[in-house]
Structures are given as C-alpha cells and as structure tokens.
Number of protein chains: 2
Amino acid sequence: MSTDPPGWELPLRLLLGFRVLIDELHAELARQGHPDLRPMHGFVMQAIGRGGTTAAELGRLLGVSKQAAGKTIDTLERVGYVERGADPADARRKVVRLTERGIESLALAARIFDDLRARWAHALGEDRLRALETDLRAVTPPGALRLDIPGWFGGLD
Amino acid sequence: MSTDPPGWELPLRLLLGFRVLIDELHAELARQGHPDLRPMHGFVMQAIGRGGTTAAELGRLLGVSKQAAGKTIDTLERVGYVERGADPADARRKVVRLTERGIESLALAARIFDDLRARWAHALGEDRLRALETDLRAVTPPGALRLDIPGWFGGLD
DNA sequence: CATAATAGACAATGTGGTTGTCTATATAGT
DNA sequence: ACTATATAGACAACCACATTGTCTATTATG
C-alpha cells in the first residue's frame, strides 16, 4: 500500500512544468528573431487581440491595475509589438493595437507551443496528456484571464 | 474526430493551477498567524532546511544570485523566520538557520498543502491525481528547484 | 448644466531580481 | 612559507513589474 505524495509536490511540479514550457518557448522565440519578448508579453498580446484595447480595459482583463497595464504597453510599444492610436469616438481613450510584428510573434508562439505540446504527447501519450489537461481545467478557475470571452485567447492563429 | 487542444492551454493551466494552490496556501497561512509570508518564502525556507545554509549556497540551490538570496534572507530575518550566525570553521561564512517560528510555519504549510491536495483528490479522484503527478514528474527536470523567473510570483493577480 | 465616472499621465514606493565592485578569508601550487 | 586564486558576503546602481495615490481631460448622467 503506497502512501500519498506530499501535498507540496503538486504546486512544485505545476510551477516546474510551466517554467519548462515557458523557458523553451522563449529560447525558441529568441532563436527565431524575437529576443525581446518576455514571458508575460504573450499573455498581454493575447489579451489585446486583433481588435485592440485600451490600457484600462487591458488592466481589467488581466486583473492588474491600469498603471501596470500602461507600463507594459509602454515597453511593448518600445520594442515594436504594439502601437497606440487615438480613438476618434472618445478623446480620452488611446487604443492599443498589435503591429504586424506583434501578430507574427503570436502566430509563431502558437506554433512553438503546439510543438512543445506534441513533445509532451510523445512522452506521455496523447490520452494521458489530454487527461492532464482535462483535470487541470477542472481544478482551475474558469474565468481566469477571461478565457470565457470567445474569440480572443488563442483566436489569433 | 476531435482536434488537439491548442498548445498554449498547457502552460496556462499549469500556471493557473500553481497560482490557485499558492494563493489558497497563503490565505490560510495568513489566517493562521503568518500574514508576512510571501509565496517564495516557503521555497526558500525549504531550501534552507533544518541544517542551515549560507546566502551563496542558497543562491546556487535556488538558481538565483547570491545577492538576491541575501536580500530574501534579510526580509525573512526581519520578520523572524530565520536567523544568522557566524560559522566557527570559516570566518567568511554566515550560517542562516530557521527559527522556531520558521520551522512551525513550514510544518503548517505542509499540512495546508496536504489538505489542498486532498481537495484535488476529492475533485479528480485519487488515481487521476496520482497520474497527473506522475506525468508532471516525467516531463519536469528531476532535481530542479529553481525560482528564477522574475516577476511571476504575485504577478497577474 | 452640474455632478459623477472614466481614461490616461505622473510620482512615489515595494519586491525581487540583476551586474559590478569591494574587502576579508580560505585554499592550492610552486 | 608565499603567492595566486577562489570564495563569502556587503554595498551600490539598476531593471522589471507591480502597487496606491493624485491630477487633468473628457464623457456620461440626473
């Protein structure tokens, strides 16, 4: 009769798994012409989406302050992945949109993530990996990062 | 025939799962008299262990610079979870040891993590959870306990 | 039209990380 | 033994990413 694994192994493995994927993603992104992208930039650009947003809206979407969102937009703008424009319908708003390079980098990241998933599927078997994803989905908040909004997360490929 | 889930779902769910566990751990720790503990402190105190370490050694263990490790030790010392002492065998070294309170907080965290794991086992079934742990172990570096992703702890909440 | 809500800019601060430099101490090689 | 090298830790400057608070301009509402 085997005893249960210690409870702390779960968060540790989840973190390590995340790190492995993100590290390999960014190593590959750097190799393919995107050395400036930081781990969070992918999430932020996903949240911006094809339609564009504003800093305050982006903050609400990601669950951070509008100031934090604004600063992240600053750096993404500086390295050429987003651009700001005025909103003709509301003089207060400045709309953030992905540049061509931003859209390309998202598509590339999606391809790399698919490759990495295929490697996990090879190591574990497609059925086991699918079970892992299903189970994580079951214990993870559904609305986190607003994944329930149709059409933006992953909708850019 | 069903198509594969997109590759980006895997890292996202891993991150969300990690955050869910860590957030609940620290909410419970705060409730039980340890409001000053930050997400990384548990990992750091685990790495210090009963035997104690030094800042440089701790940095190597965690995969961060000795300066970063030293600063984290500073804050843990300030809130009373570790203490520094001289090493009689080497005048350069200052040994970091857990205080009573530090050891208690680790034991408490272990209990809370076990409770959280039990909740996941209840939701998924013990066999599915065990499979999840096994599979994560298989795709994750064996001895790794490196926390060197700047900004991910406490980010996006 | 006055008032309230919102968008964004700016500043100060906190946390956790980085390099680089410095001194003191230990260890190894001739 | 003595010199060369490696190591521990302190200190400073800086970066990334977040926070709260304050301010102005603009839009929406009673």
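The chains referred to below are lettered A, B, ... by the order of the sequence lines, with proteins before strands, and numbering in each begins at 1. Fair warning: this is a prediction, and the values are worked out from it, not measured in the lab.
- Contacts between residues 79-93 of chain B and DNA chain C, counted as heavy-atom distances below 4.0 Å, involve B:Asp90, B:Ala91, B:Arg92.
- For A:Asp87, the salt bridge (charged side-chain N to carboxylate O under 4.0 Å, His left out) criterion is met by A:Arg93, not counting sequence neighbours.
- Distances shown here put every side-chain N or O of B:Thr72 at or beyond 4.0 Å from the OP1 or OP2 atom of C:dT15.
- In terms of phosphate contacts, A:Arg38 brings a side-chain nitrogen or oxygen within less than 4.0 Å of OP1 or OP2 of D:dC17.
- Residues from residues 29-36 of chain A placing a heavy atom under 4.0 Å of any atom in DNA chain D do not occur.
- The residue from A:Glu83, A:Arg38, A:Met40, A:His41 that alone fulfils the side chain to side chain contact (heavy atoms under 4.5 Å, CB included) condition with A:Leu76 is A:His41.
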Find every protein N or O atom lying less than 3.5 Å from an N or O atom of nucleotides 10-12 of chain C, and list the pairs.
none

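- Screening residues 65-74 of chain B for side-chain hydrogen bond (donor to acceptor under 3.5 Å, both in side chains) gives B:Asp74-B:Arg84 as the qualifying pairs, with residues at least two apart or on separate chains.
- Contacts of A:His34 classified as ring pair (Phe, Tyr, Trp, His ring centres under 6.0 Å), with partners at least two apart in sequence or in another chain: A:Tyr81.
- Both B:Lys94 and A:Lys66 lie close to DNA chain D; mapped to their nearest nucleotides by heavy-atom distance, the more 5′-ward contact belongs to B:Lys94.
- Residue A:Ala56 is in sugar-phosphate contact alone, with no base atom involved, counting any heavy-atom pair closer than 4.0 Å across all strands shown.
- Using a 4.0 Å heavy-atom distance criterion, B:Ser65 is classed as a base contact.
- For B:Arg97, the salt bridge (charged side-chain N to carboxylate O under 4.0 Å, His left out) test picks out no residue, with sequence neighbours left out.
- When the side chain to side chain donor-acceptor pair (under 3.5 Å) test is applied to B:Arg31, the partners found at least two apart in sequence or on another chain are B:Glu28.
- Residue contacts for A:Thr75: at a heavy-atom cut-off of 4.0 Å it reaches no nucleic acid atom on any strand shown.
- Rounded to an integer number of Å, the gap from CZ of A:Arg78 to C1' of D:dC17 is 13 Å.
- When the salt bridge (charged side-chain N to carboxylate O under 4.0 Å, His left out) test is applied to B:Glu104, no partner is found at least two apart in sequence or on another chain.
- Contacts of B:Arg101 classified as salt bridge (charged side-chain N to carboxylate O under 4.0 Å, His left out), with partners at least two apart in sequence or in another chain: none.
- To the nearest angstrom, P of D:dA8 lies 12 Å from CD1 of B:Ile73.
- Residues satisfying the side chain to side chain donor-acceptor pair (under 3.5 Å) criterion with A:Glu9, sequence neighbours excluded, are A:Arg13, B:Arg137.
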Table please: side-chain donor-acceptor pairs of residues 109-117 of chain B below 3.5 Å, with sequence neighbours left out.
| residue | atom | partner | partner atom | Å |
| --- | --- | --- | --- | --- |
| B:Asp114 | OD1 | A:Gly7 | N | 2.8 |
| B:Arg117 | NE | B:Glu133 | OE2 | 2.8 |
| B:Arg117 | NH1 | B:Glu126 | OE1 | 3.3 |
| B:Arg117 | NH2 | B:Glu126 | OE2 | 3.1 |
| B:Arg117 | NH2 | B:Glu133 | OE1 | 3.0 |

